[in-house]
Amino acid sequence: MVGQALRYFANHFRHPIAMQAVADQLGISEECLDFCFDQSRGMTPFEALQHHRLNRLFAVITLEPELS
């Protein structure tokens with residue numbers, strides 16, 4: 001579940017993402033999504049999404065500083 005959610009984040013990170021929409025896409029409840037992330041990553045899905053977005057931003061700034 002977590003891997004699928006992370007792929008969803010990677011494919012949609014440029015747009016607003018509601019965790020309920022991610023859970024619906026995976027066919028689980030939002031509470032189940034929270035539990036899966038907590039158990040496997042020690043963070044909430046929202047925190048994982050923010051982490052992904054910050055990593056992408058860092059990569060762009062590092063690789064193409066003129067775009068910042």
Side-chain angles (χ1 to χ4, degrees):
M1 288 297 149
V2 172
Q4 291 175 331
L6 292 173
R7 281 189 293 282
Y8 185 94
F9 295 163
N11 292 329
H12 300 90
F13 74 94
R14 295 177 185 202
H15 307 287
I17 296 176
M19 289 308 140
Q20 185 60 55
V22 177
D24 291 345
Q25 181 74 26
L26 299 175
I28 60 174
S29 69
E30 192 172 350
E31 292 79 17
C32 182
L33 183 64
D34 286 341
F35 179 79
C36 290
F37 267 89
D38 184 49
Q39 292 299 303
S40 67
R41 294 285 183 132
M43 63 178 68
T44 67
F46 181 78
E47 290 169 336
L49 174 59
Q50 292 302 94
H51 185 66
H52 178 78
R53 286 177 170 158
L54 288 171
N55 282 339
R56 293 286 304 208
L57 178 61
F58 180 76
V60 169
I61 290 171
T62 302
L63 296 173
E64 301 178 56
E66 70 278 0
L67 293 179
S68 64

Handout entry: Heavy-atom side-chain proximity of R41 to L6 below 4.5 angstrom
Key = yes
Fill in the blank from the handout: Contacts of D34 meeting side-chain hydrogen bond (donor to acceptor under 3.5 Å, both in side chains) (sequence neighbours excluded), chain-then-number -> none
Handout entry: Heavy-atom side-chain proximity of Q20 to D24 below 4.5 angstrom
Key = yes
Completion exercise
Correct closest heavy-atom pair for M19 and P45 would be SD-CB, 3.5 Å
Problem - With sequence neighbours excluded, residues passing side chain to side chain contact (heavy atoms under 4.5 Å, CB included) with T44 - result: F46, E47
Exercise for the section: Could you pull out all residues at least two apart from Q25 that satisfy side chain to side chain contact (heavy atoms under 4.5 Å, CB included)? Expected result: Y8
Problem - Euclidean distance, C36 SG relative to L26 CG, rounded to 0.5 Å - result: 9.0 Å
Problem - Partner residues of R53 under the side chain to side chain contact (heavy atoms under 4.5 Å, CB included) criterion, sequence neighbours left out - result: F13, I17, L49, Q50
Problem - Heavy-atom closest contact (A5 atom, L33 atom, distance) - result: CB-CD1, 4.1 Å
Handout entry: H51: partners by side-chain hydrogen bond (donor to acceptor under 3.5 Å, both in side chains), with sequence neighbours left out
Key = N55
Fill in the blank from the handout: Across all chains, not counting sequence neighbours, the side chain to side chain contact (heavy atoms under 4.5 Å, CB included) partners of L57 are I61
